[in-house]
Amino acid sequence: MNQSIQPIRLLVCVGPRCDAEGRGRALLADVQNAIRAAFPDELADGRLKLATRECLRLCTSAPVVRLEPSGDAFSGPDVDELMRDIAAAITSEK
Ligand code: FES
């Protein structure tokens, strides 16, 4: 791994607004499964990381995720679209 490349981080909010009725943690579970299936090598070598946050200060009526380093944020994202965005971010980091 090139040390000058910043890892892509996907932050999933499981804070009180996002996780109302368990929606944040349900999204987290879906995202975890999708990421493990789509990006096993990137997870293993640290190019991609998944983490949770208690509030991303972007509270909406749907769970929020943020991609770093781009800062792109998504409210109630479609998991398949999110995987495409992650793939694009990984490609642009190469
Ligand atoms: S609780 Fe999720 S962004 Fe605030």
Side-chain angles (χ1 to χ4, degrees):
M1 182 173 140
N2 184 335
Q3 294 301 318
S4 65
I5 295 176
Q6 260 190 300
I8 306 295
R9 290 200 312 162
L10 183 67
L11 306 177
V12 179
C13 182
V14 293
R17 300 273 308 266
C18 288
D19 198 35
E21 302 169 12
R23 294 169 62 204
R25 290 183 194 276
L27 176 62
L28 174 63
D30 290 346
V31 167
Q32 279 177 323
N33 290 335
I35 279 184
R36 286 178 183 146
F39 305 107
D41 296 341
E42 290 82 358
L43 284 172
D45 68 16
R47 279 182 288 159
L48 176 62
K49 297 178 184 291
L50 176 64
T52 59
R53 291 292 182 269
E54 291 299 319
C55 183
L56 291 167
R57 302 189 188 286
L58 297 166
C59 304
T60 67
S61 59
V64 172
V65 303
R66 190 171 70 211
L67 205 51
E68 293 183 341
S70 71
D72 293 340
F74 307 90
S75 176
D78 176 89
V79 173
D80 290 337
E81 286 181 23
L82 198 52
M83 295 306 108
R84 286 193 286 275
D85 289 337
I86 291 170
I90 289 170
T91 300
S92 71
E93 289 286 313
K94 287 181 181 173

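When a ligand or atom number is given, it counts from 1 through the structure's own listing order.
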Donor-acceptor contacts under 3.5 Å from residues 25-39 side chains, at least two apart:
unit_1, atom_1, unit_2, atom_2, d
Arg25, NE, Asp19, OD2, 3.2
Asn33, ND2, Ala29, O, 3.3

Inset, instruction - Rounded to the nearest 0.5 Å, what's the gap from CZ on Arg84 to CG on Asp78? Could you check? - result: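 If we round to the nearest 0.5 Å, Arg84:CZ and Asp78:CG are 6.5 Å apart.
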
Inset, instruction - Calculate, to the nearest 0.5 Å, the distance between atoms OG1 and CG belonging to Thr52 and Leu10 respectively. - result: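 Output value for this atom pair is 11.0 Å.
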
Give the table of side-chain donor-acceptor pairs shorter than 3.5 Å for residues 62-69, with sequence neighbours excluded, one pair per line with atom names and distance.
unit_1, atom_1, unit_2, atom_2, d
Arg66, NE, Glu68, OE2, 3.4
Arg66, NH2, Glu68, OE2, 2.9
Glu68, OE1, Arg9, NE, 3.2
Glu68, OE1, Arg9, NH2, 2.6

Legend entry - Backbone of Ser61 reached by a side-chain donor or acceptor of Arg23 within 3.5 Å: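 Yes, because the side chain of Arg23 sits within donor-acceptor range (under 3.5 Å) of the backbone of Ser61.
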
Inset, instruction - Mind checking salt bridge (Lys or Arg N to Asp or Glu O under 4.0 Å) for Glu54 and listing every partner two or more places apart, or none if nothing turns up? - result: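 Testing Glu54 for salt bridge (Lys or Arg N to Asp or Glu O under 4.0 Å), a comparison that skips the adjacent residues, returns none.
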
Inset, instruction - Less than 2.8 Å from atom 4 (Fe) of ligand 1 is the window; count the protein N, O or S atoms in it. - result: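 For atom 4 (Fe) of ligand 1, protein nitrogen, oxygen or sulfur atoms under 2.8 Å: 2.
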
